[in-house]
Amino acid sequence: NLFFFSQSIAPIYPIYFYDAAGNRALNNAGGIYDFGTEYQRPYAAESNPYGQAKSSIYQELVDNFSSRGYLEVKLPYGFKVTGNIAYDLFNDNETDFVTPIGGDAYSFGGRGYKYATRHEALNANQLIDWNQTYGNHKVHVLLGHENKKDNYRYLYGHKTNFADKTNPELANATVYQGLSSYTWEYALEGVFAKGEYDYLDRYYFTASVRRDGSSRFASGNRWGTFWSASGAWRITSEEFMKDIAWLDELKLKVSYGVTGVEPASAYLAQQTYSYDNPTYMNGKWIYTISPTRVSNPDLKWEEKHELNI
């Protein structure tokens with residue numbers, strides 16, 4: 001921390017290195033930072049927050065692409081067909097390079113990290129909508145199908161001992177420290193229907209049902225069915241309420257429904273494993289695999305029942 005360091009160290013210690021004659025030492029890049037090792041600085045040896053901040057590299061390159069599209073076709077007899085699609089792509093590449101010229105990475109010849117992530121998200125739905133009025137009766141029916149698919153990729157690399165002290169690329173380093181990657185996928189598909197009825201703009205009835213399937217459950221429990229129903233009465237539209245001037249709107253509504261909640265993690269229903277740290281035994285390295293999560297094939301949709309009046 002630059003502020004903490006500057007408040008804690010005596011002002012007689014410079015940022016840049018000076019020789020015994022008081023001349024500032026220079027190199028091709030400019031001044032040489034003083035990390036307190038040449039003259040055995042009694043405070044915070046091998047530290048120069050300013051030099052480390054200026055010589056280290058942190059870069060992040062982000063590319064985002066989003067697209068939306070729809071097609072709507074109006075048909076006779078109050079029918080309308082609509083298709084919607086959305087596609088999003090997020091790419092993120094990070095470079096984290098801790099300088100080897102001094103500081104806590106000096107003894108390792110510098111540390112370098114690379115991170116790369118890619119996230120794709122596709123959402124699409126197809127709708128059939130029907131609206132019709134018969135005198136004082138209004139009817140609305142909606143049928144639909146929708147699907148969602150996400151794909152995420154992650155790559156990580158870590159190396160030390162950089163030959164060129166200004167080049168953060170991992171090909172410039174010689175000592176491997178870590179490499180990892182993983183991918184997760186998620187898919188959701190559903191069909192649904194909704195019906196609405198209105199009489200005299202006074203009495204309302206609504207019912208809906210949907211069936212969803214999620215990849216976060218085992219195949220036997222992948223699908224869940226959820227529904228709701230409601231009725232409303234606009235009391236102020238009744239004849240016996242016409243003479244009550246001080247009341248503008250009075251409505252009674254009762255609804256009951258069941259909604260579904262899926263787990264936040266993509267693989268709770270599955271058995272997962274991981275590699276353990278290698279063990280040296282009988283003259284060779286032994287690699288073992290151990291379970292990290294016990295499978296739960298009975299995992300189901302969480303249901304929430306609600307009554308509103």
Side-chain angles (χ1 to χ4, degrees), residues 66-89 119-134 137-152 183-199 203-232 253-272 293-309:
S66 295
S67 61
R68 301 290 184 271
Y70 79 97
L71 176 66
E72 183 178 279
V73 179
K74 293 185 177 180
L75 302 173
Y77 307 107
F79 284 96
K80 182 175 66 175
V81 178
T82 306
N84 299 285
I85 188 169
Y87 176 76
D88 298 291
L89 176 63
H119 183 195
E120 291 180 278
L122 175 66
N123 294 270
N125 63 52
Q126 305 82 41
L127 307 172
I128 300 177
D129 193 281
W130 180 65
N131 266 297
Q132 201 60 266
T133 300
Y134 303 97
H137 305 270
K138 296 179 182 178
V139 182
H140 174 223
V141 176
L142 176 66
L143 304 176
H145 167 265
E146 62 182 352
N147 62 289
K148 174 180 175 62
K149 186 174 183 179
D150 284 22
N151 185 288
Y152 183 84
T183 300
W184 64 256
E185 295 179 323
Y186 166 65
L188 178 71
E189 186 168 14
V191 291
F192 55 90
K194 180 181 180 181
E196 296 176 309
Y197 172 72
D198 167 19
Y199 177 63
Y203 310 106
Y204 307 89
F205 301 95
T206 302
S208 65
V209 62
R210 66 177 297 136
R211 184 164 173 81
D212 290 314
S214 172
S215 63
R216 294 179 176 175
F217 301 99
S219 57
N221 295 314
R222 190 150 289 171
W223 292 88
T225 303
F226 315 101
W227 60 274
S228 67
S230 67
K253 182 178 180 180
V254 179
S255 64
Y256 183 82
V258 181
T259 56
V261 180
E262 56 183 330
S265 176
Y267 302 106
L268 287 179
Q270 300 182 20
Q271 179 84 50
T272 57
R293 180 185 292 124
V294 178
S295 64
N296 184 5
D298 296 326
L299 186 66
K300 299 180 180 180
W301 285 88
E302 178 183 337
E303 292 187 354
K304 182 179 180 182
H305 297 248
E306 282 190 278
L307 172 65
N308 292 297
I309 302 176

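We count residues from 1, following the sequence as given. Any value given below was found using the heavy atoms of this structure, including those in side chains, with hydrogens, waters and symmetry copies removed.
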**L127 versus G144, closest heavy-atom pair with distance** = CD2-CA, 4.0 Å

**Fill in**
Shortest non-hydrogen pair, A218 vs P297, comes out as CB-O, 3.7 Å

**Request:** Output the distance between atom CG (N131) and atom NE2 (H140), rounded to the nearest 0.5 Å.
**Result:** 4.5 Å

**Message:** Looking at K74 and D129, is there a salt bridge between them, counting it only when a charged N and a carboxylate O are closer than 4.0 Å?
**Reply:** no

**Fill in**
Residue pairs passing the side chain to side chain donor-acceptor pair (under 3.5 Å) test with at least one member in residues 293-304, sequence neighbours excluded, are E303-H305

**Request:** Using side chain to side chain contact (heavy atoms under 4.5 Å, CB included) as the criterion, list what pairs up with K149, not counting sequence neighbours.
**Result:** none

**Complete:** One should read off an interatomic distance between R216 CZ and Y267 OH, to the nearest 0.5 angstrom, of 9.5 Å

**Message:** I need the R222 CZ to E262 CD distance, nearest 0.5 Å.
**Reply:** 11.5 Å

**Prompt:** Partners of S208 by side-chain hydrogen bond (donor to acceptor under 3.5 Å, both in side chains), sequence neighbours excluded?
**Reply:** S228

**Asked** Is there side-chain contact between K194 and T206, with at least one heavy-atom pair below 4.5 Å?
**Response** yes

**Message:** Using a 3.5 Å distance criterion without hydrogens, assess whether the side chain of W130 forms a donor-acceptor pair with backbone atoms of V139.
**Reply:** no

**Prompt:** Just by distance, do the side chain of R68 and the backbone of A86 share a donor-acceptor pair under 3.5 Å?
**Reply:** no

**Prompt:** Is any side-chain heavy atom of L299 less than 4.5 Å from a side-chain heavy atom of N221?
**Reply:** no

**Asked** Between Y256 and W227, does the ring centre distance come in under 6.0 Å?
**Response** yes

**Fill in**
When every non-hydrogen atom of D88 is compared with those of S67, the smallest separation belongs to OD1-N, 4.4 Å

**Prompt:** What residues, two or more places apart in sequence or in another chain, satisfy side-chain hydrogen bond (donor to acceptor under 3.5 Å, both in side chains) together with Y203?
**Reply:** E238

**Prompt:** Do E72 side-chain atoms and K80 backbone N/O form a donor-acceptor pair below 3.5 Å?
**Reply:** no

**Item:** Sequence-distant partners of W223, side chain to side chain contact (heavy atoms under 4.5 Å, CB included), two or more places apart
**Value:** E189, R211

**Request:** Report the residues that fulfil side-chain hydrogen bond (donor to acceptor under 3.5 Å, both in side chains) with N125, sequence neighbours left out, ordered by chain and then residue number.
**Result:** N84

**Prompt:** Mind checking what makes side chain to side chain contact (heavy atoms under 4.5 Å, CB included) contact with A124, not counting sequence neighbours?
**Reply:** I85, Q126, N147

**Item:** With sequence neighbours excluded, residues passing side chain to side chain contact (heavy atoms under 4.5 Å, CB included) with D150
**Value:** H119, A121, K148, W184, Y186

**Message:** Holding to side-chain hydrogen bond (donor to acceptor under 3.5 Å, both in side chains), I want the full list of residues that pass it with Y197, two or more places apart in sequence or in another chain.
**Reply:** H137

**Message:** So, using salt bridge (charged side-chain N to carboxylate O under 4.0 Å, His left out) as the criterion, who are the partners of D212 when residues are at least two apart?
**Reply:** R210

**Message:** Holding to ring pair (Phe, Tyr, Trp, His ring centres under 6.0 Å), I want the full list of residues that pass it with Y87, two or more places apart in sequence or in another chain.
**Reply:** none

**Message:** Within the 4.5 Å heavy-atom criterion, are S230 and Y204 side-chain neighbours or not?
**Reply:** no

